[in-house]
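What follows is a set of notes on a single structure, which appears directly below.
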Amino acid sequence: MWRATVLTLFPEMFPGPLGISLAGKALTAGVWTLDAVDIRAHATDKHHTVDDTPAGGGPGMVMKADVLARAIDAAAADDRPRLLMSPRGVPLTQAKVAALARGGGVVLVCGRYEGVDQRLIAARRLEEVSVGDYVLSGGEIAALALIDACVRLLPGVMGKEASGAEESFSTGLLEYPQYTRPAVFEGQAIPEVLTGGDHAKVRAWRQSEAERLTRERRPDLWEAYQSRRHSGARAKPANPESSRTENASGFRVRPYGAARNDDDEGSP
Ligand code: SAH
């Protein structure tokens with residue numbers, strides 16, 4: 001069973017949206033578990049203090065290392081990866097999500113205010129992960145996004161096992177456009193090739209549309225895809241190191257969203 005433990009000041013935000021639809025059904029079915037740990041329960045003073053003013057001055061508050069350390073030690077003493085949701089983190093990718101989904105689960109620490117004491121990050125070896133180049137008011141929505149992306153990849157969660165393999169990012173390309181009935185909507189027909197019944201033509205059309213969309217919208221992904229293709233491999237580079245675009249700490253050297261869509265990260 002895949003286990004998610006979330007450390008948060010707002011446990012009532014969980015399971016939230018993860019309690020409905022695909023993820024919710026899988027939660028009820030016991031495919032995965034969710035444990036929302038209230039960080040405040042690990043404060044020891046009578047006011048249950050979880051934050052304090054920043055050393056060096058400045059606005060806002062910083063989450064205390066000692067309280068968070070106790071919460072982590074009590075709730076997550078196993079060997080699951082421990083991630084800190086953080087705008088300073090390595091941008092989350094589908095490859096990372098897939099690697100996390102293959103493991104035993106995750107421990108996610110949600111920051112609030114100005115973030116958490118740096119010494120806690122080092123002491124509990126938290127890996128900082130970002131869900132994008134924008135600032136949320138807390139890590140909870142980022143944690144919900146990460147868990148949602150992982151849970152839909154767990155065996156048996158998606159209706160059709162195969163539907164994960166072809167989507168945006170899994171192939172290094174954005175997904176082709178989708179259509180369904182009615183055949184004509186406000187004067188627009190479904191592209192003829194999709195209704196003609198020739199599966200080879202459908203495949204070729206989808207491939208060329210996926211390539212066109214990626215080229216137009218994500219030149220960074222397109223460049224990475226082409227360099228993989230030219231090195232003789234499609235989804236996986238012949239030599240993984242040759243197409244690496246992140247530096248030693250896992251950060252991308254190219255702009256946000258570039259490459260790393262090949263599923264070559266191994267287990268987390
Ligand atoms: N002062 C910090 C921002 C703190 S936002 C800075 O400038 O870097 C408060 C919390 O929200 C963070 O500790 C983190 O847990 C969460 N958060 C905000 N933006 C995020 C993002 N893009 N990805 C993941 N977590 C995020």
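In each ligand, atom 1 is the first atom listed, and ligand 1 is the first ligand listed.
Residues passing the side chain to side chain contact (heavy atoms under 4.5 Å, CB included) test with Lys25: none are found, sequence neighbours excluded.
The structure places CG of Asp45 at 7.0 Å from NE2 of His47, a figure rounded to the nearest 0.5 Å. Between the OG atom of Ser130 and the CG atom of Leu136 there is a distance of 8.5 Å, given to the nearest 0.5 Å.
Residue Tyr179 shares its hydrophobic cluster (ILVMFWY side chains chained together at separations under 4.5 Å) with Ile190, Val193, Leu194, Val202, Trp205.
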Quiz: residues 55-67 side-chain donor-acceptor pairs under 3.5 angstrom, not counting sequence neighbours:
none

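Under the 4.0 Å criterion applied to side-chain N and carboxylate O atoms, Glu209 and Arg206 are not assigned as salt-bridge partners.
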Are there any N/O pairs under 3.5 Å between ligand 1 and the protein, and if so, what are their distances?
| unit_1 | atom_1 | unit_2 | atom_2 | d |
| --- | --- | --- | --- | --- |
| ligand 1 | 1 (N) | Glu114 | O | 3.3 |
| ligand 1 | 1 (N) | Glu114 | OE1 | 3.2 |
| ligand 1 | 11 (O) | Gly138 | N | 3.4 |
| ligand 1 | 11 (O) | Gly139 | N | 3.4 |
| ligand 1 | 15 (O) | Met85 | O | 2.6 |
| ligand 1 | 15 (O) | Gly111 | N | 2.9 |
| ligand 1 | 19 (N) | Leu136 | N | 3.0 |
| ligand 1 | 22 (N) | Gly132 | O | 3.0 |
| ligand 1 | 22 (N) | Tyr134 | O | 2.9 |
| ligand 1 | 23 (N) | Val131 | N | 3.1 |
| ligand 1 | 25 (N) | Ser86 | N | 3.2 |

